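Beneath this line is the structure, given in structure tokens, with notes to follow.
Since this is a predicted model, take the numbers as computed values, not measurements. Both backbone and side-chain heavy atoms feed into the values below; hydrogens, waters and symmetry mates do not.
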Amino acid sequence: MSNIGSRALCPWGTGGDWKTFQKLPGSYRSSEARGRGKKWNSLDFLLDHARRERQDGVGPSTNPYLQEFASSTWVNKLRHPAFKNMVNNKKLKKEVREAYAAIRQIRRFIRHKRARSKPLKDKGEVACTAKSIDAQNLLIFDLCSGKGFTASIMTHVFPNAKILMIDKDCKMKLTHLSILPKVKFKYADVHSDCLAQWIARSALNEKKNSAANDTKAENYPCPEWNKLVVVLLGIHLCGTLSTTAVRLFNEIVEIDCMVLCPCCMPRKNRDDCDVRARARALGKEPYEVWCWSVYNHIDHRTNLVDLSRDPFVASHKKSGAAHAKNIFIRATRRSQQNVETGKPVAKIKI
């Protein structure tokens with residue numbers, strides 16, 4: 001084993017084939033995996049990759065999202081048999097990076113929201129701690145959630161969060177939700193009007209229940225810090241799903257924040273213009289032009305909008321070429337009144 005390179009066990013640090021790593025003999029694995037007598041799954045490889053990165057020291061190639069995931073106290077809970085299909089996924093590394101990128105955007109929103117409020121008590125240090133930010137009361141609507149790997153991570157990172165997964169795939173196996181009491185699944189089409197009414201009604205009811213049961217407000221320097229925050233989350237939404245998410249955010253004022261990462265562009269016959277043709281005319285990347293198009297769909301009169309690239313979210317094709325769809329759009333409410341007209345923003349009918 002001494003002849004094996006320091007990164008020979010890491011499928012992401014080399015150009016080796018995935019099946020080759022899955023067939024490594026037991027003597028090439030860690031004592032923990034060898035003691036279980038099983039082949040390494042994707043989670044084993046990911047944790048080993050993070051461990052080797054940590055041994056090499058912090059550098060340009062070190063990914064903070066993978067390090068936070070590997071060093072978390074709850075990561076071994078994903079070894080539960082209910083998560084077998086999720087942690088044995090070849091795209092596990094990509095899923096982890098995208099989940100923590102979304103978590104980073106939510107943390108930034110909470111931090112900025114608290115910074116804008118004026119403390120009524122001399123407890124300003126509470127707002128600066130990462131633990132207090134993660135303890136924020138949250139209601140997260142995860143659009144096109146899939147099996148819910150992002151929701152599974154968020155329910156551990158945000159212990160006081162209630163997460164509602166939304167997807168129209170009724171054939172997914174969601175047995176792992178039985179051990180995640182704060183994660184629920186809603187079968188629905190994102191484009192349907194009924195979903196918009198359900199989100200508005202659910203958010204309003206949760207805010208009322210949270211205000212009625214709030215017993216920790218006195219522990220915070222500002223009472224608003226413990227109020228329920230509603231987040232609309234959309235990670236890698238394909239085509240017009242991104243603009244639909246923006247429409248939901250514009251119409252439903254109960255939503256406080258939207259975190260969106262657009263994915264592939266819509267088809268030519270489903271959009272008013274050809275994004276690729278516009279990108280060629282501007283000399284820009286088509287994906288970037290599409291993200292700016294989604295950005296412009298947001299009502300900037302009543303919302304604060306931020307668009308940025310996350311350098312720690314990137315993937316590579318089989319050829320090795322970089323393929324990064326890592327632009328995140330975060331929109332937050334400026335106020336519940338239109339800045340120009342002074343009239344309340346129109347709510348959708350519940």
Side-chain angles (χ1 to χ4, degrees), residues 12 63 65 86 89-105 140-151 153-154 165-172 186-192 195-196 231-250 258-298 305-331:
W12 300 291
N63 192 299
Y65 298 154
M86 297 181 65
N89 184 359
K90 297 179 182 179
K91 296 182 179 180
L92 179 64
K93 183 182 178 183
K94 172 177 173 290
E95 297 278 359
V96 171
R97 289 182 302 191
E98 292 175 355
Y100 272 95
I103 290 171
R104 176 173 176 263
Q105 294 291 334
I140 302 175
F141 294 95
D142 189 3
L143 301 179
C144 300
S145 61
K147 293 183 178 180
F149 184 81
T150 299
I153 291 183
M154 285 187 172
M165 298 165 45
I166 301 171
D167 203 292
K168 69 174 183 178
D169 188 354
C170 59
K171 298 182 180 180
M172 296 184 297
K186 169 75 173 178
Y187 171 73
D189 185 0
V190 175
H191 294 295
S192 66
L195 177 65
V231 178
L232 185 67
L233 178 66
I235 303 299
H236 277 194
L237 297 185
C238 297
T240 56
L241 288 171
S242 297
T243 54
T244 300
V246 171
R247 177 180 60 82
L248 292 174
F249 177 72
N250 288 335
M258 178 186 67
V259 176
L260 180 64
C261 180
C263 187
C264 54
M265 295 167 290
R267 298 176 182 177
K268 294 181 180 180
N269 58 352
R270 298 193 63 178
D271 198 47
D272 295 336
C273 61
D274 187 356
V275 177
R276 296 186 185 276
R278 186 192 300 178
R280 285 194 298 267
L282 297 174
K284 300 290 185 178
E285 180 187 359
Y287 173 68
E288 182 179 354
V289 173
W290 168 238
C291 290
W292 279 109
S293 177
V294 175
Y295 172 90
N296 290 328
H297 278 77
I298 303 174
V305 191
D306 175 71
L307 183 146
S308 60
R309 281 187 180 271
D310 193 324
F312 301 111
V313 179
S315 57
H316 292 80
K317 297 181 179 180
K318 294 182 179 179
S319 61
H323 183 66
K325 292 184 177 180
N326 57 350
I327 294 181
F328 281 79
I329 301 172
R330 187 181 75 251

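Using cut-offs of 30° and 60° on the angle between ring planes, the pair Tyr65 and Phe312 is perpendicular.
The backbone N or O of His297 sits less than 3.5 Å from a side-chain atom of Asn250, completing a donor-acceptor pair. No donor-acceptor pair under 3.5 Å is formed between the side chain of Ser145 and the backbone N or O of Asp167. His236 places a side-chain N or O within 3.5 Å of a backbone atom of Lys325 that can act as its donor or acceptor partner.
Taking CG from Asn326 and OG from Ser308, the interatomic distance works out to 9.0 Å, rounded to the nearest 0.5 Å. Distance CE/Met165 to NZ/Lys147: 10.5 Å, rounded to 0.5 Å. The CG atom of Leu248 lies 10.5 Å from the CZ atom of Phe141; values are rounded to the nearest 0.5 Å. Here the straight-line distance linking atom CG of Leu307 with atom CD1 of Ile329 works out to 5.0 Å at 0.5 Å rounding. How far CD1 of Ile235 is from CG of Asp142: 7.5 Å, rounded to the nearest 0.5 Å. From Ile140, atom CD1 reaches atom CD1 of Ile166 across 12.0 Å, with rounding to the nearest 0.5 Å.
Contact annotation: the side chain of Cys261 never approaches that of Gln105 to less than 4.5 Å [non-hydrogen atoms, C-beta and beyond]. Counting heavy atoms from C-beta on, the side chains of Leu143 and Leu241 never come closer than 4.5 Å. Taking 4.5 Å as the limit, every side-chain heavy atom of Asp189 sits out of range of all side-chain heavy atoms of Leu195. By the 4.5 Å heavy-atom criterion applied to side chains, Met258 and Ile298 are counted as neighbours. Taking the side chain as every heavy atom from C-beta outward, Ile103 and Tyr100 approach each other to under 4.5 Å. You'll find the side chain of Met154 reaches within 4.5 Å of the side chain of Leu233, heavy atoms only.
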Original post:
Given the rule in the side-chain contact (heavy atoms from CB on, under 4.5 Å) test, do Ser192 and Lys168 qualify, once you have shown the distances and angles that lead to the verdict?
Top reply: CA-CA 11 Å; Ser192 66; Lys168 69 174 183 178; over 6 Å; no
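Shortest non-hydrogen contact noted between Ala101 and Val313 is CB-CG2, 3.4 Å. Between Ser242 and Val294, the shortest heavy-atom contact is CB-CG2, 4.0 Å. Taking both residues in full, the closest heavy atoms of Ile327 and Pro262 are given as O-CD, 3.6 Å, listed atom of the first, atom of the second, then distance. Pairing each heavy atom of Thr240 with each of His191, the nearest pair is OG1-CE1, 3.6 Å. Residues Pro286 and Ala279 approach most closely at CA-CB, 3.6 Å, considering heavy atoms. Heavy-atom minimum distance, Phe328 versus Ala102: CE2-N, 4.2 Å.
Two rings, from Tyr287 and Trp290, have their centers 6.0 Å or more apart.
Not counting sequence neighbours, the partners of Asp310 by the salt bridge (Lys or Arg N to Asp or Glu O under 4.0 Å) test are Arg104. For Glu285, the salt bridge (Lys or Arg N to Asp or Glu O under 4.0 Å) criterion is met by Arg309, not counting sequence neighbours.
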